[in-house]
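The structure appears right after this line, and notes come after that.
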Amino acid sequence: MTEPSPAVAAAIEGELRLLDPVVRSSADVLARLLHPDFREIGTSGRLWERKTIIAALTAPDAPHPGPLTASRMRGDQLAPDLVHLTFDTESRGLRSHRSSLWRLTGSGWRLYFHQATPFIDDPFAEV
């Protein structure tokens, strides 16, 4: 397997940081990682924007899903300032296919768009 490009490696590093419960509970860190125009389609189908996802994740009564484990992460650099990541996550039995777009800004790579789709079984999974 070849090493990812520096852009893909930076996006993967950012994505893995976002899976960390400590990062997910810090409005300051989230604000640095999420693009100002961030949008998300969550596992429930709900549409999120930057301000609402930061508020939801950092609220005192925010649910804590437990550790998220990522697998099958891969990335493609689509343009000098755009990286697409795909991967799967699992937490407490809930598995999701995930897709993210990372954009390069003056302050580094930031998550621009994210979508999560729950799945029960994946007949096309790589073995």
| field | Flag if over 12 foreign heavy atoms under 6.0 Å of CD, Glu49 | value | yes

| Hey, is the main chain of Leu94 close enough, under 3.5 Å, to the side chain of Ser91 for a donor-acceptor pair? | no

| So which heavy atom on Ala56 is nearest to which on Ala62, and how close? | O-CB, 3.2 Å

| remark: CZ of Arg98 to OG1 of Thr89, rounded to nearest 0.5 Å, is 3.5 Å

| query | Does Arg39 pair with Asp37 as a salt bridge, N-O distance under 4.0 Å? | reply | no

| field | Side-chain H-bond candidate by donor/acceptor type, His97 with Asp88, under 3.5 Å | value | yes

| Out of curiosity, Tyr112 OH to Leu82 CG, how far, rounded to the nearest 0.5 Å? | 9.0 Å

| task | Looking only at non-hydrogen atoms, find the nearest pair between Phe113 and Phe38 and report the distance. | result | N-CD1, 4.3 Å

| query | Can you tell me if Glu90 uses its side chain to pair, donor with acceptor, with the backbone of Gly93 under 3.5 Å? | reply | yes

| task | Would you confirm whether Thr58, through its side chain, and Ile54, through its main-chain N or O, come within 3.5 Å as a donor-acceptor pair? | result | yes

| Going through the checks in order, is the side-chain contact (heavy atoms from CB on, under 4.5 Å) test met by Met73 and Ile12? | CA-CA 8 Å; Met73 190 172 289; Ile12 289 172; 3.6 Å; yes

| task | Grab the two heavy atoms, one from Leu104 and one from Pro80, that are nearest each other, plus how far apart they are. | result | CD2-O, 4.3 Å

| said: Would a single hydrophobic cluster contain both Trp48 and Leu85, if residues Ile, Leu, Val, Met, Phe, Trp and Tyr are joined by side-chain heavy-atom contacts under 4.5 Å? | reply: yes

| task | Kindly give the heavy-atom pair with the smallest separation between Val8 and Gly75, and that separation in Å. | result | CG1-CA, 3.8 Å

| remark: In short, Phe87 meets Ala70 closest at the heavy-atom pair CD1-CB, 4.2 Å

| field | Under 3.5 Å: donor-acceptor pair, side chain of Arg103, backbone of Trp109 | value | no

| message | For Leu101 versus Leu111, what's the shortest heavy-atom pair and its separation? | response | O-CD1, 3.5 Å

| Between CG of Leu30 and OG of Ser25, what distance do you get to the nearest 0.5 Å? | 8.0 Å

| said: When you compare the side chain of Val83 with that of Asp76, does any pair of heavy atoms fall below 4.5 Å? | reply: no

| field | Non-hydrogen side-chain atoms of Glu40 and Ile53 separated by less than 4.5 Å | value | yes

Please tabulate, one pair per line, all N/O donor-acceptor pairs under 3.5 Å involving side-chain atoms of residues 15-22, not counting sequence neighbours.
residue: Glu15; atom: OE1; partner: Ser100; partner atom: OG; Å: 2.8
residue: Glu15; atom: OE1; partner: Trp102; partner atom: NE1; Å: 2.9
residue: Asp20; atom: OD1; partner: Val22; partner atom: N; Å: 2.8

| query | Do the side chains of Arg110 and Leu33 get nearer than 4.5 Å, heavy atoms only? | reply | no

| message | Set out, in order, the CA-CA distance, both residues' side-chain angles and the distance that settles side chain to side chain donor-acceptor pair (under 3.5 Å) for Ser5 and Gln77, then state yes or no. | response | CA-CA 8 Å; Ser5 71; Gln77 187 167 358; 3.2 Å; yes

| What distance do Ser26 atom OG and Arg24 atom CZ have between them, rounded to the nearest 0.5 Å? | 12.5 Å

